[in-house]
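Below: the structure, in structure tokens.
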Amino acid sequence: MQIGLVGLGKMGGNMRERLRNAGHTVVGYDTNPELSDVASLADLVDQLDAPRTVWVMVPAGRPTQLVIDQLGSLLKPYDTVVDGGNSRWTDDEQHAKELGAHGIGFVDAGVSGGVWGLKNGYALMVGGEKEYVDRLKPIFEALKPEGPYGYVHAGKVGAGHFAKMVHNGIEYAMMQAYAEGWELLEKVESVDNVREVFRSWQEGTVIRSWLLDLAVNALDEDEHLEKLKGFAQDSGEGRWTVEAAIDHAVPLPAITTSLFARFASRQDDSPQMKMIAALRNQFGGHAVESKE
């Protein structure tokens, strides 16, 4: 299958490679000419055969809106746009309406996999009309992990990004729990090998997970996380999760507390946030702040 891919950063660049490895033709565009296959969005569209599919992997908000606006004027009826970034689900509804006025289909795709997705595949949560989603199934099959799981048509437009938002909220709470446990183990005098305690949990325990594996990776690189500053950013999706919970009167104490803990990390050097920062760097390649 042929597809255009806009945004060739940490996620988009690896997705291009994974799709090409699966035999698909990918025309990539990025504002960085060293990464781009073409000089402009117009060139990208010109190189695609109708009906065209263009997958957008740029930061949420205004950058995504600018690309959607340009594609709305460049694409033709029966073409499809996929937003695979971390857009807010309410933006999806507006994008679908704007593109639909030109006869262009819209699909939102929550994508999880971080810097490991090239090798392991990406979990995909997709929203949109069945007609457009079915057209893209060869692309979804190439991107997702091997096996029966890792892809879901979650519902109508906005459902994919809403599901990914909740996924990220859960991720916040899980990382916070590991971070709190790590800090407590580091504090007591009787435990003198915290890293190996974490490693021992990787097999046979109910709290084993990929996040736990990544925590061990981080501790192997910096056993006491002494090189990191206890500061962790939030992507915005944790905030949106809490806001949605308020709108629907759903109690989310663990996720809400984990979000507020990140806010607290920006006031003082927090030991727990060293682990949060280390985990975010391990799975997503997110930037960390060193003490130097």
Side-chain angles (χ1 to χ4, degrees), residues 1-20 24-114 117 122 124-129 132-133 135-136 139-140 143 157-162 164-165 168 235-237 240 284:
M1 185 173 173
Q2 191 183 55
I3 189 170
L5 184 58
V6 182
L8 302 172
K10 288 178 292 189
M11 290 279 281
N14 282 345
M15 289 170 65
R16 175 175 60 175
E17 185 174 348
R18 186 173 175 88
L19 287 170
R20 287 177 173 172
H24 296 288
T25 299
V26 184
V27 181
Y29 170 69
D30 194 275
T31 53
N32 181 351
E34 294 181 2
L35 302 175
S36 195
D37 300 319
V38 291
S40 68
L41 267 180
D43 289 342
L44 179 146
V45 171
D46 286 343
Q47 290 198 24
L48 299 175
D49 299 328
R52 304 165 188 82
T53 296
V54 180
W55 189 304
V56 181
M57 288 295 292
V58 302
R62 182 167 174 75
T64 294
Q65 185 64 59
L66 289 173
V67 174
I68 295 292
D69 290 344
Q70 292 179 66
L71 290 174
S73 64
L74 292 168
L75 296 175
K76 304 297 183 184
Y78 307 111
D79 292 345
T80 306
V81 173
V82 183
D83 180 5
N86 282 333
S87 293
R88 189 182 175 104
W89 79 97
T90 50
D91 292 343
D92 296 326
E93 298 165 359
Q94 182 61 33
H95 294 156
K97 182 179 179 181
E98 293 168 357
L99 293 171
H102 301 283
I104 302 166
F106 178 81
V107 172
D108 61 286
V111 182
S112 180
Y122 300 89
L124 302 170
M125 296 142 273
V126 176
E129 295 181 16
Y132 299 115
V133 172
R135 186 186 299 174
L136 290 159
I139 297 298
F140 298 145
L143 288 173
V157 167
H161 280 144
F162 194 93
K164 175 57 164 42
M165 176 194 74
N168 282 21
S235 63
E237 291 189 280
W240 299 343

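For this chain, numbers begin at 1 and follow the sequence in order.
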Can you tell me how far the CD atom of Q47 sits from the CG atom of D37, to the nearest 0.5 Å?
8.0 Å
Donor-acceptor contact present, side-chain R20 to main-chain V26, <3.5 Å
yes
Would you tell me whether D83 and S87 have side-chain atoms, one donor and one acceptor, within less than 3.5 Å of each other?
yes
Donor-acceptor contact present, side-chain H161 to main-chain T90, <3.5 Å
no
Spacing of CG belonging to N14 relative to CG belonging to L19, to within rounding of 0.5 Å
11.0 Å
V54 side chain reached by L44 side chain, heavy atoms, under 4.5 Å
yes
Decide yes or no for L143 and W55: does some side-chain heavy atom of the first lie under 4.5 Å from some side-chain heavy atom of the second?
yes
Without hydrogens or angle criteria, can the side chains of N168 and K164 be said to hold a donor-acceptor pair below 3.5 Å?
yes
Report yes if some heavy atom in the side chain of T64 is under 4.5 Å from a heavy atom in the side chain of H95; otherwise report no.
yes
Regarding T80 and R135, do their side chains bring together a donor and an acceptor under 3.5 Å, going by distance alone?
yes
Once side chain to side chain contact (heavy atoms under 4.5 Å, CB included) is applied, do any residues pair with L74, and if so which ones, sequence neighbours excluded?
L41, A42, V45
Drop me the distance from T53's OG1 to H24's NE2, to the nearest 0.5 angstrom.
11.0 Å
Nearest 0.5 angstrom please: N86 CG to D108 CG, how far?
11.5 Å
Rounded to the nearest 0.5 angstrom, the CG-CZ distance for D79 and R52 is 5.0 Å
Note: G28 and S36 closest approach over all heavy atoms is O-OG, 3.5 Å
The reported gap from CZ in R88 to CD in E93 (rounded to nearest 0.5 angstrom) is 10.5 Å
Heavy-atom side-chain proximity of Y29 to V67 below 4.5 angstrom:
no
Mind listing the closest non-hydrogen atom pair of A109 and V82 along with its distance?
CB-CG1, 4.0 Å
Side chains of M57 and L5, heavy atoms from C-beta outward: is any pair under 4.5 Å?
yes
So V38 and V27, side chain to side chain contact (heavy atoms under 4.5 Å, CB included) or not? Walk me through it.
CA-CA 7 Å; V38 291; V27 181; 3.7 Å; yes
Contact check, side chains of V56 and V81, non-hydrogen atoms, under 4.5 Å:
yes
How far apart are the closest heavy atoms of I104 and G72, and which atoms are they?
CD1-O, 4.0 Å
Minimal non-hydrogen separation, E237 against M165, with atom names
O-CG, 3.4 Å
Does CD belonging to E98 count more than 12 external heavy atoms closer than 6.0 Å?
yes
Pair Q65-D69, side-chain donor/acceptor within less than 3.5 Å:
yes
